[in-house]
Amino acid sequence: MKEKIKISEYAQKITEALPRGILLNTNGEKFNSMIIGWGALGTVWGKPAFTVYVREHRYTKAQLDRTGEFTVSVPLDKPVPSIARICGSQSGRNIDKVQAAHLTLEDPEANHTPGIREYPLTLECRILYAQKQDLSLLPEHIVKTMYPQDVDGSNPMANRDPHTMYIGEIVDAYIIR
């Protein structure tokens with residue numbers, strides 16, 4: 001069962017959970033989920049929106065570009081350590097995260113990307129806009145800290161690759177019960 005929610009009533013919970021890690025889900029070649037700690041909840045062009053940032057060489061990026069949609073899954077309490085570990089350090093290119101992290105997928109309402117029962121607050125989003133970062137426009141200290149050029153582009157933690165920003169219109173919002 002899904003309980004429809006007003007996004008504004010859960011805005012604080014979503015923004016407080018984000019730096020601890022929430023899930024960005026895609027469903028292109030196969031379902032994939034990755035931990036994100038950067039993002040923004042707001043209004044863009046008069047539409048409720050969630051903005052996510054994904055590095056260039058991530059499996060998730062290819063899926064976002066292919067499908068034009070995503071879901072965001074937020075824990076109502078604390079993140080599940082085993083889910084956070086697998087979805088935060090393994091690539092969906094190499095493993096089945098549903099099986100490895102023991103995720104329970106829930107059918108979507110408005111797009112084709114499932115939510116996750118273990119992280120029940122769900123935002124279904126359609127991409128309105130995508131833009132690759134221009135690192136030359138960022139402050140030097142951020143580039144040095146967040147985009148060190150002396151590491152491999154596939155490194156899951158420190159990575160030299162810029163992000164692509166995706167603004168997703170929130171087309172449905174609910175809690176999986």
Tell me whether D107 at atom CG has more than 12 heavy atoms from other residues, nucleotides or ligands lying less than 6.0 Å away.
no

side-chain contact (heavy atoms from CB on, under 4.5 Å) between R66 and E29, intermediate numbers included
CA-CA 9 Å; R66 186 177 304 112; E29 294 175 6; 3.4 Å; yes

So which heavy atom on L138 is nearest to which on Y147, and how close?
CD1-CE1, 3.9 Å

Identify the heavy atoms of D172 and A110 that sit nearest to each other, and give their distance.
CB-CB, 4.1 Å

Quick check on N94: does its CG atom have over 12 non-hydrogen neighbours (other residues, nucleotides or ligands) under 6.0 Å away?
yes

Going hydrophobic residue to hydrophobic residue with side-chain gaps under 4.5 angstrom, can you get from V54 over to L123?
yes

CZ of R160 to CG of D150, rounded to nearest 0.5 Å, is 9.5 Å

So, the side chain of T145 versus the backbone of I142: is there a donor-acceptor pair under 3.5 Å, distance only?
no

What I'd like to find out is whether the side chain of F50 reaches to under 4.5 Å of the side chain of I14, using heavy atoms alone.
yes

Give, for atom NZ of K30 and atom OH of Y59, the distance between the pair rounded to the nearest 0.5 Å.
5.0 Å

With side chains defined as the heavy atoms from C-beta onward, is the minimum distance between P75 and V80 less than 4.5 Å?
no

Just so I know, are the side chains of E3 and Y174 near enough to count as touching, which here means a heavy-atom distance under 4.5 Å?
no

Interatomic spacing from CG in D65 to OG1 in T26 - rounded to 0.5 Å
10.5 Å

side-chain hydrogen bond (donor to acceptor under 3.5 Å, both in side chains) evaluation trace for T104 with E118
CA-CA 7 Å; T104 308; E118 292 80 8; 2.6 Å; yes

Looking at R117 and I176, what are the two nearest heavy atoms and their distance?
NH1-CG2, 3.6 Å

Any chance you could measure I175, atom CD1, to E106, atom CD, to the nearest 0.5 Å?
13.0 Å

Closest non-hydrogen atoms of A130 and T164, given as atom of the first, atom of the second and distance, are CB-CG2, 4.2 Å

Hey, are the side chains of R55 and K61 touching, using non-hydrogen atoms and a 4.5 Å cut-off?
no

Are side-chain heavy atoms of F31 and I116 found at a separation under 4.5 Å?
yes

Cationic N near anionic O, under 4.0 Å, E169 to R126:
no

Would the distance check show the side chain of T67 and the main-chain N or O of G28 forming a donor-acceptor pair, the cut-off being under 3.5 Å?
no

Check whether V74 and F70 end up in the same hydrophobic cluster, where Ile, Leu, Val, Met, Phe, Trp and Tyr are linked by side-chain heavy atoms less than 4.5 Å apart.
yes

Honestly curious: do I22 and I7 fall in one hydrophobic cluster under the side-chain, below-4.5 Å linking rule?
yes

How long is the span from the CD atom in E124 to the CD atom in E69, to the nearest 0.5 Å?
8.0 Å

With a 4.5 Å limit on heavy-atom distance, are the side chains of V72 and L23 in contact?
no

Any donor-acceptor pair under 3.5 Å from Q133 side chain to M165 backbone:
no

Would you call the rings of H163 and W38 parallel, tilted or perpendicular, where under 30° means parallel and over 60° means perpendicular?
tilted

Quick one, P162 and E56 - any side-chain contact, counting heavy atoms below 4.5 Å?
yes

Which heavy-atom pair separates T113 from N111 by the least distance, and what is that distance?
N-OD1, 2.9 Å

Less than 3.5 Å apart, any donor N or O on the side chain of S73 or N25 sitting next to an acceptor on the other?
yes

ILVMFWY cluster, I35 and V52 together (side-chain gap under 4.5 Å)
no

Please tell me if the side chains of L128 and V44 come closer than 4.5 Å, counting only heavy atoms from C-beta onward.
no

Is the backbone of Q90 close enough, under 3.5 Å, to the side chain of K97 for a donor and an acceptor to pair up by distance?
yes

Assigning hydrophobic clusters by single linkage (Ile, Leu, Val, Met, Phe, Trp, Tyr; side-chain heavy-atom cutoff under 4.5 Å), is M34 placed with Y53?
no

Does CD belonging to Q149 count more than 12 external heavy atoms closer than 6.0 Å?
yes

CG on L18 to CD1 on I36, rounded to 0.5 Å:
6.0 Å

Could you report the tightest heavy-atom contact between I86 and A100, atom names first, then the distance?
CD1-O, 3.0 Å

Hey, is CD on E16 packed in by over 12 heavy atoms from elsewhere, all under 6.0 Å?
yes

Under 3.5 Å, side chain of K13 to main-chain N/O of L76, donor-acceptor pair present?
yes

Got more than 12 heavy atoms from elsewhere within 6.0 Å of NZ, K4?
yes

